[in-house]
Protein chains: 2
Amino acid sequence: MTVRRADVAKLAGTSPAVVSYVLNGGRPVAAHTRAKVLAAIEQLGYRPNGIARSLRMNRTMTLGLVVPDNANPFFAELARAIEEEAFARGYTLLIGNAAEDDQRQTTYVRTFLARQVDGLFLVPAHGPVGCLEELERSRVPWVSLDRQVDGATAPAVLVDNRGGARVAVEHLLAHGRTRIACIAGPRDVMPATDRVAGWRDALTAAGVRPADMLAWHAPFGRRAGYESTRAILADPRDRPDAIFAASDQQAIGALRAIAELGLGCPTDVALASFDGIAPGAFTTPGLTTMVQPFPQLGRVAMDHLLGQLAGTEQQPQVLPVELLARGSCGCDDPPGGGRASAPTSTNEMGKR
Amino acid sequence: MTVRRADVAKLAGTSPAVVSYVLNGGRPVAAHTRAKVLAAIEQLGYRPNGIARSLRMNRTMTLGLVVPDNANPFFAELARAIEEEAFARGYTLLIGNAAEDDQRQTTYVRTFLARQVDGLFLVPAHGPVGCLEELERSRVPWVSLDRQVDGATAPAVLVDNRGGARVAVEHLLAHGRTRIACIAGPRDVMPATDRVAGWRDALTAAGVRPADMLAWHAPFGRRAGYESTRAILADPRDRPDAIFAASDQQAIGALRAIAELGLGCPTDVALASFDGIAPGAFTTPGLTTMVQPFPQLGRVAMDHLLGQLAGTEQQPQVLPVELLARGSCGCDDPPGGGRASAPTSTNEMGKR
DNA sequence: TTGTATGCGTTATCAT
DNA sequence: ATGATAACGCATACAA
């Protein structure tokens with residue numbers, strides 16, 4: 001059925017091993033033999049079987065990535081950055097959607113382990129990670145992204161959530177806003193709580209009592225941002241003059257809610273958020289946000305993984321985020337949202 | 001190093017084959033033997049090696065998907081639908097980003113073939129598909145999505161681009177708009193040209209000469225939509241009162257451009273587009289769009305693939321798209337964008 | 001009900 | 001410079 005290496009060897013009048021050497025350069029091979037082998041490969045349309053190769057080599061050159069939801073722009077951009085980096089280093093990436101479900105997350109981790117991935121990236125879904133023990137026992141190097149996993153020995157690649165949130169809120173304060181509400185992320189997930197802490201830091205430093213302000217816990221998505229904002233702005237007598245949203249997705253929902261209430265952003269309610277996903281450049285007004293360094297995140301995550309593979313441990317890092325001021329905070333709104341917020345997409349023109 | 005099946009067998013005091021039978025149910029096995037085997041598996045933390053299994057079975061239970069850009073919401077939602085379907089049927093999905101580059105697309109196709117995927121989904125990047133011959137020769141079943149590949153024998157899963165575009169434009173006409181410009185997709189890609197044809201159909205049927213209207217060819221992305229719109233609306237004397245955009249991404253860019261020009265949507269310029277991606281629910285106003293049936297696309301694509309695997313050919317299908325009217329065309333704008341446009345995301349609340 | 005033997009397609013280690 | 005051969009870990013036909 002399939003054409004195997006032996007078939008090539010026979011046609012070329014040599015032995016299977018030589019075919020390997022021609023293909024992989026494992027050792028020198030005579031010019032005329034090489035030519036005959038190449039011809040036979042071409043003629044038979046031979047393609048090496050990567051599965052057999054992996055079995056023999058005990059390496060698959062395959063990495064796994066499990067994300068909570070691949071259709072979410074934040075994870076999609078993160079995945080893209082990692083994939084880019086993996087591709088550049090000759091690895092293929094398997095992507096699994098946990099759909100924010102621990103069961104399904106575990107299933108994917110298992111599947112990837114069974115497929116003998118050389119390493120694993122995990123962006124943990126909310127709540128406890130059921131497959132933690134399994135993962136640790138597997139001896140497969142892994143890295144957690146975006147959130148730390150409690151009790152895990154694996155390194156985590158994180159950004160400065162607290163400091164970044166503080167910068168964002170300070171920026172709102174600098175615009176003269178004083179009543180700054182917070183759409184927090186889910187109560188149990190670290191980046192969310194850190195961002196709330198940063199919001200609190202900024203308010204406290206400015207002499208505002210955070211306790212008097214609203215911190216509204218909700219999921220990270222657009223819809224949650226929308227609904228939280230409607231709730232936050234419900235009472236006209238006691239209205240915040242700014243909102244800090246823990247994610248751009250929430251901010252996009254917030255923008256919609258503000259408009260529906262007949263209010264203006266930034267005039268009535270200024271807005272700043274976190275993540276720096278690409279869509280934030282095209283809202284009206286453009287989103288002021290703390291940009292995560294996606295390419296760098298991909299690079300660092302990969303370094304950690306390959307570091308473990310090579311036995312050289314890396315120091316855990318906290319990467320910086322950068323303020324990108326657009327219109328939603330009250331700054332000038334650059335035409336077309338200014339530079340694409342996510343440096344991953346170098347040339348958005350070429351894309352669908 | 002790794003714990004093999006033989007190790008389990010030894011500890012359980014039986015033979016390796018029995019371990020397989022316990023795991024895969026290939027044949028009945030005595031209760032106490034099974035118990036001992038299970039205990040040994042647990043104790044040693046044994047995990048079957050999927051690579052060896054694949055080699056033996058000549059099946060990997062792995063499918064490949066190559067998309068032009070995974071960070072693009074349209075492809076991301078499509079990928080999510082396919083992944084969902086694959087997961088439900090026990091397959092793992094490999095996702096590759098071609099980055100709109102034919103070279104890289106080819107590299108991924110090759111990689112996936114070498115990895116012995118059981119089947120392949122291809123969302124072709126713009127332009128000719130360099131790996132076509134290679135793909136056909138491989139005898140691996142494949143399906144093309146979103147666009148037809150010229151000269152390919154593989155089935156394509158498509159939606160009614162022309163009919164859908166016509167419906168959208170007719171809807172704009174029904175709102176009393178007569179000067180309807182078109183932001184077309186790239187000139188060489190089929191879904192784009194079909195959507196332009198649908199736009200033309202509608203205008204002609206309404207007694208408007210399309211030749212008098214603008215059809216602006218540009219890539220599918222947000223930035224292109226933004227720039228096209230600025231160009232289209234540049235001349236105040238001769239301004240269209242509506243725009244049909246070939247993709248939601250373009251429409252999102254168009255919305256931003258309209259606002260920057262100090263115009264109102266839908267008051268000055270009404271807008272309708274195509275795809276039905278989730279972010280269209282949260283723009284202001286919400287996007288009126290032709291919704292692609294993502295879950296169904298995933299299902300049909302998978303059916304085609306498994307059909308080929310089983311030797312039962314399927315008839316190529318053109319799936320219907322559905323008009324979802326929100327505020328951008330002039331209809332009432334439902335609060336919060338109404339239902340999520342992409343039925344894939346059943347519960348957006350839970351997501352980041 | 002269970003054990004034994006063979007092969008999947010590759011690469012590495014011997015020889016020659 | 002090249003040919004033969006032994007693993008890699010698993011599934012299954014066959015023998016017991």
Side-chain angles (χ1 to χ4, degrees), chain A residues 1-38 40-41 44-62 110-111 113-118 138-140, chain B residues 1-38 40-41 44-62 110-111 113-118 138-140:
Chain A
M1 187 68 194
T2 18
V3 32
R4 298 176 314 286
R5 211 183 40 152
D7 304 325
V8 175
K10 207 169 93 183
L11 179 58
T14 179
S15 81
V18 173
V19 180
S20 273
Y21 295 129
V22 168
L23 253 31
N24 312 332
R27 77 181 178 196
V29 68
H32 65 282
T33 318
R34 139 176 275 111
K36 273 198 294 196
V37 168
L38 256 22
I41 287 178
L44 297 178
Y46 163 74
R47 296 279 157 216
N49 183 326
I51 295 295
R53 180 170 219 270
S54 292
L55 180 61
R56 182 58 234 248
M57 305 283 274
N58 211 25
R59 292 177 63 197
T60 57
M61 294 305 283
T62 294
R110 283 207 189 116
T111 306
L113 291 179
R115 296 263 197 290
Q116 309 293 115
V117 294
D118 294 336
S138 76
R139 317 296 298 145
V140 168
Chain B
M1 186 68 192
T2 18
V3 32
R4 297 176 315 285
R5 207 182 42 156
D7 304 325
V8 175
K10 207 169 93 184
L11 180 58
T14 180
S15 76
V18 173
V19 178
S20 278
Y21 293 129
V22 168
L23 252 31
N24 313 332
R27 75 180 180 197
V29 66
H32 66 282
T33 317
R34 138 174 276 111
K36 272 199 291 196
V37 168
L38 257 21
I41 287 177
L44 298 177
Y46 165 73
R47 295 282 157 213
N49 183 325
I51 294 295
R53 178 171 220 271
S54 291
L55 181 59
R56 178 61 231 254
M57 305 280 276
N58 210 24
R59 293 177 65 199
T60 56
M61 293 306 282
T62 295
R110 281 204 191 119
T111 306
L113 292 179
R115 293 259 197 291
Q116 311 294 114
V117 294
D118 293 338
S138 75
R139 318 294 299 145
V140 169

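What you see below is based on every heavy atom in this structure, not just the backbone, and it leaves out hydrogens, waters and symmetry mates. In what follows, chains carry the letters A, B, and so on, assigned in the order in which the sequence lines appear, proteins first and then strands, with residues in each chain numbered from 1.
A side-chain donor from one of B:T62 and A:R115 sits under 3.5 Å from a side-chain acceptor of the other. Side chains of A:R47 and B:S138: a donor-acceptor N/O pair is absent below 3.5 angstrom, by distance only.
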Apply side-chain contact (heavy atoms from CB on, under 4.5 Å) to A:L23 and A:I41, showing your working.
CA-CA 10 Å; A:L23 253 31; A:I41 287 178; 3.5 Å; yes
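Think of the region where chain A sits on DNA chain D: with heavy atoms and a 4.0 Å cut, that region ends 5' and 3' at D:dA1 to D:dG9.
Residue-level contact check: B:V19 touches neither bases nor backbone, having no heavy atom under 4.0 Å from any strand.
With sequence neighbours excluded, the residues satisfying side chain to side chain contact (heavy atoms under 4.5 Å, CB included) with A:L11 are A:A40, A:Q43, A:L44. Every residue two or more places apart in sequence or in another chain that forms a side chain to side chain donor-acceptor pair (under 3.5 Å) with B:R110 is listed here: B:E134.
Pairs engaging residues 13-23 of chain A under the side chain to side chain donor-acceptor pair (under 3.5 Å) rule: A:R5-A:S20 [sequence neighbours left out].
A salt bridge links A:R4 with A:D7: the closest approach of a Lys/Arg side-chain nitrogen to an acidic carboxylate oxygen falls below 4.0 angstrom.
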Any chance you could list the contact pattern along nucleotides 3-10 of chain C? Use B for base contacts, S for sugar-phosphate-only contacts and - for none, protein heavy atoms under 4.0 Å, 5' to 3'.
BB--BBBB
Which donor-acceptor pairs under 3.5 Å do the side chains of residues 28-35 of chain A make with protein atoms, sequence neighbours left out?
none

